[in-house]
A.B. asks: 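First the structure, then my questions, so here it is.
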Amino acid sequence: LLGKKVEVLGGAVSHQVDQTETISYRLGTDATEVFISVINESGNIVKTVTVREPQKQGSHQVLWDGKDNNGNAVPPGTYGYAGAYKDRAG
């Protein structure tokens, strides 16, 4: 991911069918955009959740609908998270 790292809290979830996941993260500074990647057990990014609105430094949450970047439901399993953000400097 491009940008600066986001501290993603929890780091992984055991995802079940038709379940929406809440991803908690913390920003060390204000951000103009936030990108949270959902990563499967093989290490592949299956979804990137993008928050396209400014966010202040501190704790935040975003929902993942359990679908991949193509809109397909992902299978049950353990999924990890990684994050990055952009600030005014890019």
Side-chain angles (χ1 to χ4, degrees):
L1 291 173
L2 300 175
K4 296 156 183 74
K5 290 185 179 180
V6 172
E7 180 185 355
V8 181
L9 308 174
V13 68
S14 180
H15 175 70
Q16 303 301 316
V17 174
D18 295 326
Q19 185 171 315
T20 298
E21 307 296 345
T22 300
I23 303 170
S24 298
Y25 59 94
R26 184 174 301 129
L27 297 171
T29 187
D30 294 352
T32 57
E33 282 186 291
V34 176
F35 311 93
I36 303 293
S37 293
V38 180
I39 304 164
N40 67 15
E41 293 173 333
S42 299
N44 299 313
I45 296 173
V46 297
K47 176 77 173 193
T48 300
V49 180
T50 304
V51 179
R52 298 187 189 279
E53 57 190 46
Q55 294 191 325
K56 297 286 188 187
Q57 175 183 356
S59 297
H60 301 273
Q61 293 181 330
V62 68
L63 296 178
W64 170 46
D65 60 7
K67 296 181 180 176
D68 64 17
N69 282 326
N70 296 316
N72 302 310
V74 300
T78 301
Y79 291 83
Y81 307 121
Y85 69 93
K86 290 183 181 178
D87 59 16
R88 292 186 189 275

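Computed from a predicted model, the values in this text were never measured in an experiment.
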A.B. asks: Can you tell me how far the OG1 atom of Thr29 sits from the CZ atom of Arg88, to the nearest 0.5 Å?
C.D. replies: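 That separation rounds to 10.0 Å.
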A.B. asks: What is the distance from atom OH of Tyr79 to atom CG of Asn44, rounded to the nearest 0.5 Å?
C.D. replies: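 The OH atom of Tyr79 sits 10.5 Å away from the CG atom of Asn44.
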A.B. asks: For atom CG of Asp18, is the number of surrounding heavy atoms from other residues, nucleotides or ligands below 6.0 Å larger than 12?
C.D. replies: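 It does not: Asp18 CG has 12 such atoms or fewer within range.
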A.B. asks: Could you go through Ile39 and Tyr81, starting from their C-alpha distance and side-chain angles, then the distance that decides it, and tell me whether this counts as side chain to side chain contact (heavy atoms under 4.5 Å, CB included)?
C.D. replies: CA-CA 6 Å; Ile39 304 164; Tyr81 307 121; over 6 Å; no
A.B. asks: Report the distance from atom NZ of Lys47 to atom CG of Asn70, rounding to the nearest 0.5 Å.
C.D. replies: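 So the NZ of Lys47 and the CG of Asn70 are separated by 9.0 Å.
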A.B. asks: If every non-hydrogen atom of Asp87 is compared with every non-hydrogen atom of Asp30, which pair is closest and at what distance?
C.D. replies: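 Residues Asp87 and Asp30, closest heavy atoms: CB-O, 3.6 Å.
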A.B. asks: Under the side-chain hydrogen bond (donor to acceptor under 3.5 Å, both in side chains) rule, collect the residues that match up with Thr78, sequence neighbours excluded.
C.D. replies: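 So Thr78 forms no side-chain hydrogen bond (donor to acceptor under 3.5 Å, both in side chains) with any residue.
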A.B. asks: Measure the acute angle between the ring planes of Trp64 and His15, then classify it against the limits of 30° and 60° as parallel, tilted or perpendicular.
C.D. replies: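 Because their plane-to-plane angle lies in the 30° to 60° range, the rings of Trp64 and His15 count as tilted.
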A.B. asks: If you look at every heavy atom in Thr48 and Ser37, which pair is closest and at what distance?
C.D. replies: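 Where Thr48 meets Ser37 most closely, the heavy atoms are OG1-OG, 3.6 Å.
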A.B. asks: My understanding is that only residues two or more places apart in sequence, or in another chain, count here; which of them pass side-chain contact (heavy atoms from CB on, under 4.5 Å) with Ser14?
C.D. replies: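 So Ser14 forms a side-chain contact (heavy atoms from CB on, under 4.5 Å) with Gln16.
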A.B. asks: Among all residues two or more places apart in sequence or in another chain, which pass the side-chain contact (heavy atoms from CB on, under 4.5 Å) test with Gln55?
C.D. replies: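 Expected list: Tyr25, Leu27, Val34, Val51, His60.
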A.B. asks: Minimum heavy-atom separation for Asp68 to Val74, with atom names?
C.D. replies: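 For Asp68 and Val74, the tightest heavy-atom pair comes out as N-CG1, 3.8 Å.
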A.B. asks: Can you measure from NZ (Lys67) to OG1 (Thr20) and round to the nearest 0.5 angstrom?
C.D. replies: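 The NZ atom of Lys67 sits 8.5 Å away from the OG1 atom of Thr20.
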A.B. asks: Does the Thr32 side chain pair with the main chain of Lys86, one donor and one acceptor, at a distance under 3.5 Å?
C.D. replies: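 Flag set: sc Thr32 to bb Lys86 pair under 3.5 Å.
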A.B. asks: Would you please name every residue forming a side-chain hydrogen bond (donor to acceptor under 3.5 Å, both in side chains) with Asn69, sequence neighbours left out?
C.D. replies: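 Once residues adjacent in sequence are excluded, Asn69 has no partner under the side-chain hydrogen bond (donor to acceptor under 3.5 Å, both in side chains) criterion.
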A.B. asks: Name all pairs fulfilling the ring pair (Phe, Tyr, Trp, His ring centres under 6.0 Å) condition that reach into residues 40-59, sequence neighbours left out, sorted by first residue then second.
C.D. replies: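 Every candidate ring pair (Phe, Tyr, Trp, His ring centres under 6.0 Å) pair involving residues 40-59 fails, so no pair, neighbours aside, qualifies.
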A.B. asks: Residues in side-chain hydrogen bond (donor to acceptor under 3.5 Å, both in side chains) with Glu53, at least two apart?
C.D. replies: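 Result, side-chain hydrogen bond (donor to acceptor under 3.5 Å, both in side chains) vs Glu53: none returned.
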